[in-house]
Structure formats: C-alpha cells, structure tokens
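One structure is given here, and the rest of the page talks about it.
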Amino acid sequence: MAQSQVRLGGLLLQHQYGEIVENVGTFLASKGSFALRDITDGTKLGVNEVKKALCVLIQHNMMDFEKNRRGLIEYTVHINKVLLITRYPRYIYCAKTLYGDVGEFLVEELLSHGQMLMSQVCRRVSDRITQALEEGQSMDEFQVRKTFVELVKTHFLQRVASPPSDSGDNADSETELQVMEKEMFLIPPAMDIDYSKVHSSVTSSSKRKREDGEEGDKVAKRPRSTSPLSDEKNEDAPDKGVYWHVNFTRFHQFFRDQSVLSAVNSKIDRYACEIVRTMLRISEKTTVPLAPTTHPMSSHEIFQNLPPELDLNRQTLGEYLTLLAEDKTEIVNKAGESGGGMYVLNMQKALETLCKASIESVVQERFGSKCSRIFRLLLMKRHLEQKQVEDMAMIPAKEAKELLYKLFSENFVTMQEIPKTPDHAPSRTFYLFGINMHQVSRMLLDRCYKAMGNLISRREHENTENRRLVEKSQRVDAIAASLQSSGADTTQMSEVEEMITPPERQQLNKLKHDISKLEQSELQLDETIFLLESYLPGSAAMVMY
C-alpha cells in the first residue's frame, strides 16, 4: 500500500468520522488484516472504541471481515473505497444534474449513512425538503419514492449483500454473501409504487387540508427526529432487512462516458458526440459496466436509436462513422461489414488518449513547451535515439540533450540499452529513449494523492487557525438573523454588524477566498485522479462494488 494513499485515507477518515476511526483505518490500511485483539493492541485504543470504529467502516462499505484458520474474525480496510470520499461532492452533483433536488438529497443521505432502508431514506428526504420549503408547502413522499426507483432502475443505487448465515458450509456462505445480479436492483414488494397515487412534488397546504384535514399541517411541520422510520425504529419498517447503498461503479461509468463525449465534441463536433452517445446508450444493455470495449453494433441499429432532433440521414451517419473509425484516437473501431458495417467503442483506447493529453499538459506546465514537444514526439515514435530526438524535434543539440535528460531524471522518459556486442561497451550500444505510459501514470497518480493530502491538510490548518474568528462571525450572523425576524430597526442591525471590526471582516473575506480556492483545487485534482485511475488496470475507479 502506497504511503501517500494511506496518508490521504487517514486525513479523509479523520475529517469525515473522527480520530478514532482514522486511527483504526490507517492501522489496518498500513499493516494488513488483523483480529480485534490485535487492532486494540496496535492502536492503543479501548475495545469499545475499536468496535465502534469497525462498525462505522463496515456501515460505509469500506471494510470486509472473514474468519481465519484459527476461527478469529479478521478485518480488512479497502483504502480505494476510503479514497472515494473525495469524490462524494461529484456523486451528489451528478445526481442533482440527472434527477434534480430529490436525487441530490437521496444520494447525499446514502453517502452520509453508508446504507439505509428505502422507506427510511425516502422519509428523511421528504422531511428535509419539506423543512426547506416555504410554510404551507410540503414534499410528497410518493414523488421521492419514484425518484428512488428511477435511480435503482438506472443502477445508480443497488442493494447491499445479505450477511452470511451461521451455517458451516463455506459454499452456502459465499452464495449468501452475494446478491444475485438480477436481485441487486429489485424494489421490495412492500415498497412498490402505485403510480396512479403519485401526486405533484409540492402540494399546497389548502389541498393538504382538503384531503387530510388538520393532519396535513402537522405532517408538513413534523421535525425529522420524530420520523417513525428513524434509526431507532427500523424493526417497524415495511422493507426491513433490505438495505441500499450507492453504486460507485455506475457513477464511474457515467463520468468516464462524459469525459469521452466531451473529448469527441471538442475534437470533431456535436453530431459525432451524439453518435458516440447513442452507441454508449445501446451498449449499456449488452456490455458489462467499465468493460474496455463494447459489443459490436450495426450502423442500422445506431441509426434507429439516434435522437430525432439530430436530423441525420443514413449517408451522413455513415460518413461520420467512417470519420470516427479512421481517426487516430481509435475511439471507434470497425468490426465487420454486415448490417451496413459493425462498429465497437474502444473505451480503453479513449481513456489512453485522454490520459496522454493530461500527462502532456503536466509536462507543458512543469518543463515548458520544448519538453512537451519532445514528449509528444516520443509518444508518437515510441523509441528514438538522442540524435533522432534532436533532429525531429528541431531543437539545438545541446538544449535537446539537456531537456531529454531532465525528463529522464524526472522519470517521464525511460531508456533502453541495446548492445551490439556481448561486452556492452558504450561505443557499441544503442540507447533508445521512450515512454512507459503505465509507469508515468502511476507516478503522477501517486503525486496527485500527495497533492490532495496537502490540500486537505492546508484547508484544515486554515480553519483551525481562524476558528475563533469564524465562530464569532457565526454568532453575529445568528444575532442579526434573530433581530431581523423580530423586526428590529436599522440602528440595531448596524450595531450588531459593527461587532466585527473592518480588519476582522477583511480577514474573513480572505479566509473564504482561500478555502474556496483550496476546495476548487481538490475537485479539479480529483478529475485528474479519476482519469489516471480509469486508465490504470486494478485501480480504485475500475473496482467493481
């Protein structure tokens, strides 16, 4: 386990769940699988504290456990799932974009609690939105359930595997641990929706009174803590025992597809982008998520599934498919001539192209345009001698040599020796320079983990250093809001605002600007991390959950 990943995972766990969970998580991530007694000895924590930390990690699907040969339960932390905490805002924003505010709240609740009952999460979201609405309006829970079902049908949410039984048969236990793929996205019969009963998402208080009498206002104003489906009363839920969690694989597939579509749109045009989007939509039914290539599809099938508003005829579609198939990025490959031509999407090649472009931009920013020219040249020609690099890059020999060896010393370029004779004499040896994409990608991914850890540490430091000022500002804002609601005059409001001096207000504005910059950098850095993880096999973004 890379030290940068363990450090970043520890920072995320501390920020999200506290120091105890962070101690247990980092201990297991750096040391491996251990039983409860070994964890308490290694972390110097109490048994009850360790148990609670383990429960938190299991609840959020970041840990697995199994019996060892001695019959003891051993716990294993999956650091790649811990690192996904940095991507939580992106998951929530994606749900908001696709399914509106209700989808945003549903995904946010599931990410906050790890796994929940459908009835429980729908009731919580309904209450949250009702509290945010103006007085006299409420969110219909049927509408929330409808959005939940849509998220399940599109596989953004899935059921949690059932726990193993106490039987000694290992085969039966393994079977029970896995929910069949067809059952992972089945809504419990008790929570089935009668769509004829689905009302408008927001109902007025007068309509509520006509239908439910005086109870309508009571439901609209009920605090969240009194929900009958709260954590303490799950045994009364109609869907007891059927828990749901976020399907990260499906979100990663969506992010990957959006990156590819954006690249096609910028390289060719929006028509080519819509054609590739149609091919992706067709492949969702026939191809395993995150597969490197899709199943072949005919041009006739693509034409039948094109959006009507695109207004493309068969001849124009054929020209676009030929253009995509002949493009050097090789995102679309021709697989046969039947059915007017069979085509496949090579997603791995598309990710490689995006990854190369990202690495080229890193080289450009760190070493300048001439180094970037040498880097692109080596990507294109694969292996070149120093003299060939100097000639083809059209850079003076001395400068080209310095830049090439600078890239070599920073591990962006590799060198291969090919001796002419068995004695490996330098005068009789070819020295070929090239680029190992996997090696460079892993190096940059490790540096991205370190940079992400530094950003989080800096953000926490800024918040800690200015904690007293932030708390004072919050108190003043609360007093001002209270006075405003009670109808205070302008003089009283100005006196409250003057409690924060101009230098303090200037410091607060600077703090908000710095925190905003750090958070924006974290989001942008996560996009690079996702791209590198998607390209590299066996990394976090490619793991099936």
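Minimum heavy-atom separation, L324 to A272: CD2-CB, 4.3 Å. For N61 against G114, the heavy-atom pair with the smallest separation is ND2-O, 3.6 Å. For the pair N80 and L84, the tightest heavy-atom approach, listed with the atom from each and the gap, is O-CG, 3.4 Å. Closest approach of V102 and V144 over heavy atoms only: CG1-CA, 3.9 Å. When all heavy atoms of V6 and I79 are compared, the closest pair comes out as CA-CD1, 4.4 Å. The nearest pair of heavy atoms linking P89 to L523 is CB-CD2, 4.2 Å.
For T154, the side-chain hydrogen bond (donor to acceptor under 3.5 Å, both in side chains) test picks out Y99, with sequence neighbours left out. For E385, the side-chain hydrogen bond (donor to acceptor under 3.5 Å, both in side chains) criterion is met by no residue, not counting sequence neighbours.
Using a 4.0 Å cut-off between a side-chain N of Lys or Arg and a carboxylate O of Asp or Glu, D446 and K450 qualify as a salt bridge. The existence of a salt bridge linking E274 and R277 is confirmed by a sub-4.0 Å separation between a basic side-chain nitrogen and an acidic carboxylate oxygen. Salt-bridge annotation for K356 and E352: present, with a side-chain N of the basic residue lying under 4.0 Å from a carboxylate O of the acidic one. Salt bridge annotation for R90-E522: absent, with no cationic side-chain nitrogen under 4.0 angstrom from a carboxylate oxygen. For the pair K401 and E390, the salt-bridge criterion is not met [side-chain N within less than 4.0 Å of a carboxylate O].
Ring geometry for F255 against H252 counts as tilted: the plane angle lies between 30° and 60°, on a 0 to 90° scale. Under the 30°/60° scheme for interplanar angles, the aromatic rings of F367 and F412 are found to stand perpendicular. Relative orientation of the W244 and F148 rings is perpendicular, given thresholds of 30° and 60° on the angle between their planes.
Considering only heavy atoms from C-beta on, L404 comes within 4.5 Å of L378 through its side chain. For the pair T76 and F65, the minimum side-chain heavy-atom distance is 4.5 Å or more. Counting heavy atoms from C-beta on, the side chains of F433 and I374 never come closer than 4.5 Å. Annotation: side chain of D101 is in contact with side chain of E104 (closest heavy-atom distance under 4.5 Å). Within the 4.5 Å cutoff, the side chain of V152 has no heavy atoms near those of the M118 side chain. Here the side chains of F375 and I359 are in contact, with some heavy-atom distance below 4.5 Å. Residues R128 and E108 form a side-chain contact, since some pair of their non-hydrogen atoms from C-beta on lies under 4.5 Å apart. Side-chain atoms of I456 and R7, non-hydrogen and from C-beta on, never get closer than 4.5 Å to each other.
Interatomic distance, CZ of R124 versus OG of S119, reported as 11.0 Å (0.5 Å rounding).
More than 12 heavy atoms of other residues, nucleotides or ligands sit less than 6.0 Å from atom NZ of K334. Around the CD atom of Q315, the shell of radius 6.0 Å holds no more than 12 heavy atoms that belong to other residues, nucleotides or ligands. Within 6.0 Å of CD in Q388 there are more than 12 heavy atoms belonging to other residues, nucleotides or ligands. Atom OH of Y93 has 12 or fewer heavy atoms from other residues, nucleotides or ligands within 6.0 Å.
Checking side-chain atoms of S409 against main-chain N and O of Y405 turns up a donor-acceptor pair under 3.5 Å. In this structure, D257 contributes its side chain and V260 its backbone to no donor-acceptor pair below 3.5 Å. A donor-acceptor pair is defined here as one N or O able to donate and one able to accept, closer than 3.5 Å; no such pair exists between the side chain of S126 and the backbone of C122. Not one N or O on the side chain of N346 forms a donor-acceptor pair closer than 3.5 Å with the backbone of T293. For the pair N247 (side chain) and H155 (backbone), a donor-acceptor distance under 3.5 Å is present. S283 contributes a side-chain N or O that, together with a main-chain N or O of L280, makes up a donor-acceptor pair within less than 3.5 Å. A distance-only check finds a donor-acceptor pair linking the side chain of Q115 to the backbone of Q59 [under 3.5 Å]. Remark: side-chain polar atoms of S262 are not paired, donor with acceptor, to backbone N or O of S259 under 3.5 angstrom. When atom types are taken as modelled, the side chain of R281 and the backbone of N305 share a donor-acceptor pair closer than 3.5 angstrom. No donor-acceptor pair under 3.5 Å is formed between the side chain of T294 and the backbone N or O of V344.
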Test log, rule side-chain contact (heavy atoms from CB on, under 4.5 Å), inputs M437 and L379: CA-CA 9 Å; M437 275 296 296; L379 279 176; 3.9 Å; yes
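The cationic atom of R87 (NZ for Lys, CZ for Arg) does not lie both less than 6.0 Å from the six-membered ring centre of F530 and within 45° of the ring axis.
Side-chain contact annotation: R376 with S372, donor-acceptor N/O pair under 3.5 Å present.
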